[in-house]
A.B. asks: 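One structure, as C-alpha cells, below. Some questions next.
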Amino acid sequence: ESALPGVPPKRILMQEGDTARAESLCRAALARASAMNSLGLEFECRFLLGEVLAAQGDSPRALQSFTAAEQDLRQLRSG
C-alpha cells in the first residue's frame, strides 16, 4: 500500500512497466512528504525513487536517490 493517500503503490506501476509515471508519482509524494516535514516518508519516497530510476537504467540518479535515502535514515536513527 501507499504511504500517501492517492499515490498508487510503486509495485503496481512497475509491474505495468510505467516507470515514467512511477517516477513522477514518487517525486510528487516526496514533495508532499517534505511539505509535511515527515522524514520517515521522505526516506521511503527517496528509496522508492531510487528503485524506479534503477529500473529505468539511470544508475547515477538512482545512486543519488539511494544516498539521500541513506542520509534520511541516519538522521532518523540519530534523532
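For the numbers below, each heavy atom of this structure counts, side chains included, while hydrogens, waters and symmetry mates do not. Source: prediction; values computed, not measured.
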A.B. asks: Work out which heavy atom in Leu39 is nearest to a heavy atom in Asp72; give both atom names and the distance.
C.D. replies: CD1-OD1, 3.5 Å
A.B. asks: Apart from Leu63 itself, which Ile, Leu, Val, Met, Phe, Trp or Tyr residues share its cluster (side-chain heavy atoms under 4.5 Å, direct or through members)?
C.D. replies: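 Reading the cluster by chain and number, Leu63 sits alone, since nothing else belongs.
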A.B. asks: Please report the interatomic distance CG(Leu53) to OG(Ser65), rounded to the nearest 0.5 Å.
C.D. replies: 6.0 Å
A.B. asks: Applying ring pair (Phe, Tyr, Trp, His ring centres under 6.0 Å), can you list everything that pairs with Phe43, at least two apart in sequence or on another chain?
C.D. replies: none
A.B. asks: Please list all pairs meeting ring-ring contact (aromatic ring centres under 6.0 Å, His included) that have one or both residues in residues 22-41, counting only residues at least two apart or in different chains.
C.D. replies: none
A.B. asks: Just verifying a value: how many Å separate Ser59 OG and Gln64 CD, rounded to the nearest 0.5 Å?
C.D. replies: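 So the gap between those two atoms works out to 11.5 Å.
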A.B. asks: Which pair of heavy atoms, one from Ala33 and one from Cys45, lies closest together, and at what distance?
C.D. replies: CB-SG, 4.4 Å
A.B. asks: Under the side-chain hydrogen bond (donor to acceptor under 3.5 Å, both in side chains) rule, collect the residues that match up with Gln75, sequence neighbours excluded.
C.D. replies: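 Expected list: none.
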A.B. asks: Looking at OG1 of Thr67 and CD of Gln71, how far apart are the two atoms once the value is rounded to the nearest 0.5 Å?
C.D. replies: 7.0 Å
A.B. asks: Would you call Ser34 and Leu30 a side-chain contact if the rule is heavy atoms closer than 4.5 Å?
C.D. replies: yes
A.B. asks: For the residue pair Ala62 and Ala54, what are the closest heavy atoms and their distance?
C.D. replies: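 Looking at all heavy atoms of both residues, the shortest contact is CB-N, 3.6 Å.
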A.B. asks: Counting only heavy atoms not in Arg27, do more than 12 sit closer than 6.0 Å to its CZ atom?
C.D. replies: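 Counting other residues, nucleotides and ligands, CZ of Arg27 exceeds 12 neighbours.
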A.B. asks: Applying salt bridge (charged side-chain N to carboxylate O under 4.0 Å, His left out), name anything that partners Arg61, two or more places apart in sequence or on another chain.
C.D. replies: Glu23, Asp58
A.B. asks: Roughly how far, to the nearest 0.5 Å, is the SG atom of Cys26 from the CZ atom of Arg46?
C.D. replies: 12.0 Å
A.B. asks: Show me the pairs that pass ring-ring contact (aromatic ring centres under 6.0 Å, His included) and involve residues 44-73, at least two apart or across chains.
C.D. replies: Phe47-Phe66
